[in-house]
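Below, chain A is the first sequence line, B the second, and so on; all start at residue 1. Remember, it's a predicted structure, so these values are computed and weren't measured experimentally.
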Amino acid sequence: MIQTPVALVDCNNFYVSCERLFNPALHNRPVVVLSNNDGCVIARSNEAKELGIKMGAPVFEVRDLLKKNQVEVWSSNYTLYASLSQRVMTTLEMFAPEVEVYSIDEAFLWLPGFSPAELDAQAVRIRQKVGQWTGIPVSIGLAPTKTLAKLANRQSKKNPLYKEKGIFNITGYSRAQLDELLASVRVEDIWGIGARRAAFLQQHGIDTAYDLKEAPDRWVQKHLTVMGLRTVYELRGIPSFPAELAAPPKKTIVTSRGFGRDIESFEELSEAVATYVSRLAEKLRAQHSVASVLEVFIHTSHFAKGRERYANAVTMRLPQPTAYTPELVAHARRGLEAIYRPGFKYQKAGVMVMGLVPETGRQLNLFGEGEGDPATLERNRKLMAAVDGLNRQMGRGTVRIATAGTTEAWGMRRGKLSPRYTTRWDELLAI
DNA sequence: TCTGGGGTCCTAGGACCC
DNA sequence: TCTGGGGTCCTAGGACCC
């Protein structure tokens with residue numbers, strides 16, 4: 001059987017590239033993009049990486065470094081990134097019959113019928129076309145398995161000989177060539193091997209991808225579970241992680257956020273929770289699911305020293321599965337009442353749903369609790385569809401439940417937010 | 001003063017059943 | 001005093017990913 005080669009296409013420094021697209025002054029300069037609440041660095045341009053700014057670094061720790069080097073600092077703008085991501089993915093879909101959108105900035109492409117040399121040429125065309133149509137630079141790794149494609153992709157960025165080309169192709173490698181490459185890759189740089197496993201493996205003399213490839217199956221399975229064993233097979237060139245071409249519906253959905261400032265009052269906390277529930281219910285309806293279990297959690301800062309900490313969560317089984325915002329909000333409020341303690345400075349809250357089932361397949365509760373009879377159910381469904389439609393067209397939060405409040409005084413800090421160039425005409429025209 | 005958010009999978013252990 | 005064994009379901013915790 002002939003194996004189908006896999007390409008991993010990865011957008012370079014994606015969030016930074018998005019910001020640069022609409023702000024050419026950011027080219028050839030160190031740029032970072034921050035997490036929610038402007039807390040951590042979550043994307044860096046190559047220039048910023050060279051300054052030694054680490055991924056995930058808290059802003060207050062690198063503030064001097066940023067200032068001294070006149071680094072451009074931007075708040076994250078997910079609306080913009082999601083929109084550009086879609087354009088990139090649509091472009092990629094022209095080039096392969098099978099595409100797995102793996103994350104906001106990465107996709108696996110299966111490219112049957114190409115020789116190793118032809119794959120190279122095809123990868124050049126993909127890069128060129130994505131660049132032309134979206135302006136986003138990408139790197140491409142080509143290999144017989146997903147794990148090796150990730151590894152090859154990494155080489156295309158790290159290896160100075162390939163950096164300019166942005167393509168690294170190991171589909172034509174001999175066994176000896178592949179072994180040599182794997183021996184140069186540290187075990188912590190393998191997809192699926194995190195810091196904990198890497199430290200463990202190093203203690204057992206396994207330092208490189210080559211060492212791991214050669215480790216005995218039984219030992220690997222015992223210590224790294226079956227997932228670790230699959231990673232090892234993939235290093236050996238045996239595909240063990242199948243293509244996931246259609247995203248399966250989510251099994252859990254979470255909406256949580258740290259506050260822009262600490263919250264003490266129940267009412268403000270309740271407003272935040274209602275806002276998060278509304279957003280969560282939208283996500284639920286977008287995948288045509290209803291939830292049977294709802295969890296609410298709150299906590300004070302993990303980091304604040306000298307202040308008393310408090311964290312609690314409550315999990316509720318709902319009378320019947322639902323995606324109806326008012327009902328979810330009412331349950332969440334009751335849950336919050338159960339765990340709220342006055343006198344603490346809360347830093348974060350969140351809501352989560354589990355036990356998701358398809359909207360069409362749900363069991364009706366015959367005893368009139370919750371949303372009740374089929375006619376009410378249908379009316380509520382239509383109401384939510386109308387609300388979702390309006391919010392899609394007019395912008396998130398145009399129509400909202402009253403308990404969510406209107407001020408969001410506790411909302412995120414986003415001091416350096418770029419306009420939503422691709423989704424809001426008014427913001428594009430304002431620049 | 002200031003430290004993100006949203007997911008998945010696997011395993012062990014307890015509850016419960018026959 | 002000795003005190004089965006196997007199956008299922010659920011949950012909590014750990015590890016990983018971007």
Side-chain angles (χ1 to χ4, degrees), chain A residues 8 10-11 13-15 32-43 53-64 66-67 73 75-78 81-82 85 100-108 146-147 150 153-154 187-201 220-231 240-242 244 247-262 276 279-280 283-284 287 292-293 295 297 299-307 313 315 317 345 347-356 411-416:
Chain A
L8 178 71
D10 179 310
C11 301
N13 312 327
F14 182 52
Y15 298 168
V32 298
V33 174
L34 307 182
S35 64
N36 283 338
N37 276 321
D38 295 345
C40 301
V41 173
I42 55 166
I53 300 165
K54 296 272 180 283
M55 179 68 178
V59 172
F60 70 91
E61 278 181 17
V62 292
R63 181 147 287 152
D64 290 346
L66 297 173
K67 195 158 190 178
V73 178
S75 304
S76 44
N77 185 345
Y78 286 100
Y81 310 151
S85 172
E100 173 182 338
V101 177
Y102 177 66
S103 74
I104 194 164
D105 67 338
E106 282 174 59
F108 291 102
K146 289 167 86 173
T147 302
K150 288 282 282 188
N153 182 278
R154 199 168 174 282
V187 81
E188 65 262 38
D189 294 329
I190 301 168
W191 187 44
I193 305 297
R196 299 297 291 266
R197 292 213 206 291
F200 171 82
L201 289 169
V220 171
Q221 171 150 9
K222 181 173 174 204
H223 292 105
L224 306 186
T225 82
V226 296
M227 298 295 277
L229 185 57
R230 284 194 215 160
T231 296
S240 305
F241 295 118
E244 291 177 21
K250 294 190 186 355
K251 298 169 177 175
T252 62
I253 298 176
V254 181
T255 300
S256 75
R257 221 155 255 93
F259 309 127
R261 58 165 171 78
D262 289 340
Y276 300 166
R279 178 72 195 111
L280 176 139
K283 297 184 201 169
L284 203 48
Q287 69 161 23
S292 46
V293 176
E295 180 172 307
F297 61 89
H299 61 76
T300 56
S301 170
H302 297 312
F303 299 100
K305 295 191 187 82
R307 281 205 313 225
T315 308
R317 179 159 286 277
K345 292 183 187 305
Q347 181 264 331
K348 182 173 179 171
V351 288
M352 173 157 66
V353 281
M354 293 154 284
L356 307 193
M412 269 194 282
R413 283 188 297 273
R414 295 208 282 182
K416 291 278 290 176

Base, sugar-phosphate alone, or nothing: which one does [X] contact when heavy atoms must sit under 4.0 Å apart?
| X | value |
| --- | --- |
| A:Asp38 | nothing |
| A:Val59 | nothing |
| A:Thr255 | sugar-phosphate |
| A:Leu280 | nothing |
| A:Arg414 | nothing |
| A:Lys150 | sugar-phosphate |
| A:Leu224 | nothing |
| A:Glu61 | nothing |
| A:Tyr78 | base |
| A:Arg197 | sugar-phosphate |
| A:Ile193 | sugar-phosphate |

Report the relative orientation of the aromatic rings in A:Tyr15 and A:Tyr81; use parallel for angles under 30°, tilted for 30 to 60°, perpendicular for over 60°.
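Parallel.
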
Return the orientation label for the A:Phe200 and A:His223 ring planes: parallel under 30°, perpendicular over 60°, tilted otherwise.
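Plane angle between 30° and 60°, so tilted.
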
Under a 3.5 Å distance rule, please check whether [X] uses its side chain to pair with a backbone N or O of [Y] as donor and acceptor.
| X | Y | value |
| --- | --- | --- |
| A:Ser301 | A:Gln347 | no |
| A:Asp10 | A:Asn153 | no |
| A:Lys146 | A:Pro242 | yes |
| A:Ser76 | A:Leu34 | yes |
| A:Asn36 | A:Arg257 | no |

A:Arg317 atom CZ, neighbour heavy-atom count above 12 within 6.0 Å:
no

Atom of A:Arg414, atom of A:Ser75 and distance for their closest heavy-atom approach:
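In this case the closest contact between A:Arg414 and A:Ser75 is C-OG, 3.3 Å.
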
A:Phe60 or A:Gln221: which one's nearest nucleotide on DNA chain B is closer to the 5' end?
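Whichever sits nearer the 5' end wins; that is A:Phe60.
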
Whichever of A:Ile253 and A:Gly39 has its nearest DNA chain B nucleotide further upstream toward 5'
A:Gly39

Tell me, which stems hold DNA chain B, with a stem being 3 or more Watson-Crick or G-U pairs in a row and both distances under 3.5 Å?
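Counting only runs of 3 or more consecutive pairs, the stems involving DNA chain B are B:5-18 with C:5-18.
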
When you list every nucleotide of DNA chain C with an atom under 4.0 Å from a heavy atom of chain A, which one comes first 5' to 3', and which comes last?
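Both ends considered, the range comes out as C:dA15 to C:dC18.
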
